[in-house]
Amino acid sequence: MEYLNELNGEQRKAVELLDGPVMIIAGAGSGKTRVLTYRVAHLINSGVDPFNILALTFTNKAAKEMRSRIETMVGPEARNIWMGTFHSVFAKILRFEGERIGYPSNFTIYDSADSKNLIKAILKEEGLDDKTYKPNLVLNRISAAKTNLISANEYLKNDELFTEDRMSAKPKLGLVYKKYSDRLFKSGAMDFDDLLYWTNVLLRDFPDVLNKYQDRFKSIMVDEYQDTNYSQYLIVKRLAAKFENICVVGDDAQSIYAFRGANIENILNFKKDYPDVKTFKLEQNYRSTKHIVGAANHVIEHNKDRLNKTVWTSNDDGELITVTRNMTDNEEGMSVAQSIFQTKMNEQATEKEFAILYRTNAQSRSIEEGLRKMNLPYRIYGGLSFYQRAEVKNLVSYFRMVINPQDEEALKRVINYPARGIGKTTLEKAIVLANDWEKDLWTIISDPITRNSQFNAGTASKLELFVNMIKSFQAELKTVDAYELGSKIASSSGLLRDLHADKSPEGVSRYENIQELLNGLKEFVEDKPGEDEIIDEPEAKTLDLFTRDIALLTDSDKDNDPNNNNKVSLMTIHASKGLEFPYVHIVGLEENLFPSQLSLSSREELEEERRLFYVALTRAEKKVNLSYAVSRFRWGNLVHSEPSRFIEEIPEKHLNVNASKPISSKNSVTSPSWNRKPQLRTSTKQSGTVSRADLKSRNLTKYDDSREPGELDTGDGTSEHVARMIVGTEVIHDKFGKGEIVAMEGDAPNIKATVAFQGAGNKQLLLKFAKLRIVGKAKQ
DNA sequence: GGAGGCCTCGGAAGG
DNA sequence: CGAGGCCTCC
């Protein structure tokens, strides 16, 4: 129990009190993770079975980190702790218990893109205009309902909700919710909110299940409690009701997810739910300088809704916080990059010690440009996740089909990719049948009688081929490992071939992404039983185990390129929560951007923006730099901005305000943006880079010049001209220029040629349409 | 059937 | 400005 001596008084008390309800209010940088980690270790050392501990976090990364830290303290036993995000832990439980609520254990988890596609499909089927029923709005409304445990049927019966929807001209919203739920159910799928919703249903309606998990989770810990929503709150409350050994950790000042239903009241009201709660406040900040802590404290004091807490530090005063004024967003990018470059030189710092934080992802572009000009390597966190990329998602959709063929969104993605002649018309017809007969899509296309009676012979046989292919994969699901089956699917489906044929840079990158996914499968197979998996019994390394929780993974779960990590970090402030950096730049401190203009209508929303700023400030250890631009491009327009009110909320004694002029910023400063189009063209050419548009127009001009009158009319699908084309023939295309035929397929008149163009990469062209001219014979 | 052009629309955040 | 949807043309 040596480790207890590494804690300060308050931390130690929080770690040592193992019974009853405990609330830990942990200021930024106050050693929260350490307390959580030590408390779990202490539970185990005090005789609690790791199987009886449930630790819930908000990110996979946090769970992973905590588990490995606990493991170094208590050994491999740490693997038996139920630790993970709310979504991953309860997905796991739902796979055990799902039968109770009519879900199979192999249910699919829809990610937000799947959900949105399903909503769009339903709107179309119901003839609802997606300008009135904007898919995102519809989804938010459904999400809010689920978070508050209102089912579709209850929604339809609720007059108040109906009135709201009618007032906003969306009277059919309840119907859409109902159709959406039915479709998810029919597809054996749950969306993110369902994982929590159905867990609540399970614990509410099945006392034996509730009892089982209450007994299993004798001790419960919840991190980032300020960010729990009602649904999560209720799960925790239900599970903890028996023993009340619940410890929640959070910081009201860092609650930044109210927009997606997080309820700050959960932390503020903890005392009401558990009157005998013991509260500990971690107020000593070990991370930041006095200037930073002082500034952050003053900022957050402008909020009304707060718990009483005084964060302090015994660290040095440190440097003043600088404020830099820039004329444009581009200039801001330059000045940030130059500042980093200088700090790097003056302080012997390395790139990985710097973070640039912004309110919106769109702001990264001008920053990136600045960093590139200064040759500073950087890494952007967030953005499109690996698994969201189209090509990766397509292959994963095959995997999903193999595991759960009722998965309609997966089916729609792969049924005609790669192209196999099952077009829109066929798919639409199948969907109509599925809806009319209340069956799922797969049942419609896989049943031979339906297939042969409802589709013409050609279509039916194409459908049959597809169905048989999926079935052949399914047959191997339990007999071969994930890598073997995954590779087989990638090649037998034709997906790999299709991507391999595309030699454009984007095509090559898509191909590489597929290879990376397959490598991931290989690693998964070769790995020892899951480090971050909750182990009850070891499971075979089959494709379903790999695939089923992919929707819950984010990119931060698969980064960490060890030889390549000395980079400046760029991310949104939301993404920076829980991280720390010696040097932090917070950019875009402008009214209507930060605070966001969308948040100015209410005090609550403005306070959330302010907490966001508080989070940003408290990421820094040594130095904070704030910057803003007087004008910036937003949505293609130049807009003028005032400095953010948040700057004024920092007392002057912590600030060093200077206007910066980048050293070499001729482009960004002297070319006024209002006539940017011609200017930009000129400047790109001068700097030696050629845009794609430029390239294209050059090619066009060139081949237009060389074209002889009348020649265009010779190429037609049935002419002799075409018949002379074989693999290896050199041809000229009006737009793509010179190239060589590398492959031909199909029968006349629908012969499709793959042509490798010198400038434009590989293109597939139908000869009857593409007017190719022969310029050279195939080489023998 | 698919690529590219044109147009509209959104615009924050993540498991 | 960029992504995504629709239309056209090959």
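All figures in this text were calculated on a predicted structure; none of them were measured in a lab. So you know, we letter chains A, B, ... as the sequences are listed, proteins then strands, and number each from 1.
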Would you find a donor on one side and an acceptor on the other, under 3.5 Å apart, between the side chain of A:Asn266 and the backbone of A:Thr228?
->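 Between the backbone of A:Thr228 and the side chain of A:Asn266 there is a qualifying donor-acceptor contact (under 3.5 Å).
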Do any N or O atoms from the side chain of A:Asp130 and from the backbone of A:Lys134 form a donor-acceptor pair under 3.5 angstrom?
-> no
Quick one: on DNA chain B, does A:Gly423 or A:Glu608 contact a more 5' nucleotide (nearest heavy atom)?
->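 With A:Gly423 and A:Glu608 compared, the 5'-side residue is A:Gly423.
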By nearest-nucleotide position on DNA chain B, the 5'-leaning member of A:Ser599 and A:Ile422 is A:Ile422
State which of [options] makes the closest approach to the side chain of [X].
X: A:Arg260; options: B:dA12, B:dG14, B:dC9; answer: B:dG14
X: A:Thr360; options: B:dG15, C:dG2, B:dA12; answer: B:dA12
X: A:Leu598; options: B:dA12, B:dG10, B:dG1; answer: B:dA12
X: A:Lys131; options: B:dG14, B:dC9, B:dG2; answer: B:dC9
X: A:Arg365; options: C:dG2, B:dC9, B:dA12; answer: C:dG2
X: A:Ala419; options: B:dG14, B:dG1, B:dG15; answer: B:dG1
X: A:Ser112; options: B:dA12, B:dG15, B:dG1; answer: B:dG15

How would you label the contact of A:Asp191 with the nucleic acid (heavy atoms, under 4.0 Å): base, sugar-phosphate, or nothing?
-> nothing
Mind checking A:Phe86 for me? I need base, sugar-phosphate or nothing, with any heavy atom below 4.0 Å counting as a touch.
-> nothing
OH (A:Tyr225) and CD (A:Gln232) are apart, to the nearest 0.5 Å, by 10.0 Å
Listed pairs, N/O of protein and of nucleotides 4-6 of chain C, under 3.5 Å:
| unit_1 | atom_1 | unit_2 | atom_2 | d |
| --- | --- | --- | --- | --- |
| C:dG5 | OP1 | A:Lys120 | NZ | 3.0 |

When the distance from [atom1] of [X] to [atom2] of [N] is rounded to whole Å, what number comes out?
X: A:Asn416; N: B:dG2; atom1: CG; atom2: C1'; answer: 11 Å
X: A:His574; N: B:dA12; atom1: NE2; atom2: P; answer: 12 Å
X: A:Lys462; N: B:dG1; atom1: NZ; atom2: P; answer: 7 Å
X: A:Asp130; N: B:dC9; atom1: CG; atom2: C1'; answer: 11 Å

Should the ring pair A:Phe646 and A:Phe613 be called parallel, tilted or perpendicular, given that the plane angle runs from 0 to 90° and is split at 30 and 60?
->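 A:Phe646 and A:Phe613: parallel rings.
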So, are A:Arg400 and A:Glu409 salt-bridged, with charged N and O less than 4.0 Å apart?
-> no
No-hydrogen, no-angle side-chain donor-acceptor test under 3.5 Å, A:Asp329 and A:Ser366 |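 No pair is found: no donor N or O on one side chain lies under 3.5 Å from an acceptor on the other.
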Answer with yes or no whether the side chains of A:Gln226 and A:Asp252 bring together a donor and an acceptor at under 3.5 Å.
->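 No, A:Gln226 and A:Asp252 have no side-chain donor paired with an acceptor closer than 3.5 Å.
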